[in-house]
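Shown next, in structure tokens, is the structure this report addresses.
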Amino acid sequence: MASVGTEIYQRGVFLEKDWTNQISKDWDRDAVGAIASYFSALIPQLDSKQTPWKLSFCLDMDTPLEVIHDLGELLNFTGLQTEVMFSNGRDVDIIPKNSNKGKATVYLQDLLRSQSDATIVCGGSGNAISLFQLPSAGIRLGILTQRGAEGSAEARREFATN
């Protein structure tokens, strides 16, 4: 699994086409990009970090975090089916609403006919919160790193309330 759960590879090479077909429903990357461009505090990450199913930005460090909420509200208001994630104290990813690491994990459990309680999930930033919300993971492990400290704290709070 890669790109915040928007890409799944088999044997490290082949993209799982059924997954990409599923998450492509109602995803309008160009419209999402146009909306995001209105927010000058969002600095696009390198082209190598962008994918057909993920727009990635760095948040200008002098900007209040409310801009992330405002972005999500505007995307929602326009009817675009997205999820906005904030992690590592600066990274903002916009992905299709029907994808994230948790949903990709459930997809893989079904694909592999894996027993859900035999699944181990781990993450260390805000984009991993969906993993900790899974009702179908046997072991959940949060990894706290200096780089992901803020996101990990957010994930721990979210996990503790569920």
Side-chain angles (χ1 to χ4, degrees), residues 1-37 39 42-59 68 71-72 75 80-156 158-159 162:
M1 179 177 5
S3 295
V4 196
T6 61
E7 295 180 353
I8 298 174
Y9 292 86
Q10 294 180 17
R11 295 183 178 93
V13 177
F14 303 107
L15 187 60
E16 175 56 45
K17 297 294 184 193
D18 289 338
W19 175 247
T20 58
N21 289 338
Q22 179 177 320
I23 68 172
S24 293
K25 293 177 186 165
D26 301 319
W27 172 243
D28 187 342
R29 187 182 191 284
D30 292 337
V32 170
I35 297 289
S37 71
F39 293 84
L42 295 177
I43 303 159
Q45 291 186 13
L46 298 173
D47 287 345
S48 62
K49 300 290 184 182
Q50 311 298 336
T51 76
W53 306 278
K54 178 176 70 73
L55 292 159
S56 297
F57 303 89
C58 290
L59 183 66
I68 298 166
L71 170 64
L75 289 165
L80 293 168
Q81 302 295 307
T82 64
E83 183 172 345
V84 179
M85 293 184 211
F86 181 66
S87 55
N88 301 322
R90 69 174 188 279
D91 297 329
V92 178
D93 294 301
I94 308 171
I95 63 173
K97 185 75 167 180
N98 52 354
S99 69
N100 60 35
K101 289 181 177 182
K103 292 173 183 170
T105 298
V106 170
Y107 175 85
L108 285 171
Q109 288 171 332
D110 291 343
L111 181 70
L112 300 172
R113 295 184 179 95
S114 171
Q115 292 184 343
S116 59
D117 61 355
T119 303
I120 299 173
V121 297
C122 58
S125 69
N127 67 36
I129 290 172
S130 61
L131 290 171
F132 298 103
Q133 294 171 328
L134 285 175
S136 58
I139 299 174
R140 302 161 201 218
L141 175 64
I143 312 270
L144 180 60
T145 64
Q146 184 61 33
R147 182 172 179 254
E150 184 173 326
S152 295
E154 182 181 346
R156 285 194 309 272
E158 186 69 32
F159 179 63
N162 289 317

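Note that the structure is predicted; figures quoted are calculated from it, not measured.
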Between [X] and [Y], is any pair of side-chain heavy atoms under 4.5 Å apart?
X     : Y     : answer
Gln50 : Leu55 : yes
Leu59 : Leu42 : yes
Asp93 : Thr6  : no
Val92 : Phe86 : yes

From [X] atom [atom1] to [Y] atom [atom2], the distance as rounded to the nearest 0.5 Å:
X     : Y     : atom1 : atom2 : value
Asp91 : Lys49 : CG    : NZ    : 8.5 Å
Leu15 : Lys17 : CG    : NZ    : 5.0 Å
Ile23 : Lys25 : CD1   : NZ    : 11.5 Å
Glu83 : Ser99 : CD    : OG    : 7.0 Å
Ile35 : Ile94 : CD1   : CD1   : 9.5 Å
Lys54 : Met85 : NZ    : CE    : 10.0 Å

side-chain contact (heavy atoms from CB on, under 4.5 Å), that's the test. Do Val32 and Trp27 meet it? Break it down for me. CA-CA 8 Å; Val32 170; Trp27 172 243; 3.9 Å; yes
Under a 3.5 Å distance rule, please check whether [X] uses its side chain to pair with a backbone N or O of [Y] as donor and acceptor.
X     : Y      : answer
Gln81 : Pro96  : no
Glu16 : Tyr9   : no
Ser37 : Ala34  : yes
Trp19 : Leu108 : no

Exercise: do Asn98 and Lys103 side chains pair donor with acceptor under 3.5 Å: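 Their side chains do not contain a donor-acceptor pair, so the 3.5 Å distance test is not met.
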Do you know the tightest heavy-atom contact between [X] and [Y]?
X      : Y      : result
Ser130 : Gly102 : OG-N, 2.8 Å
Arg29  : Pro52  : CD-O, 3.2 Å
Ala36  : Phe57  : CB-CZ, 3.6 Å
Ala104 : Gly5   : CB-O, 3.5 Å

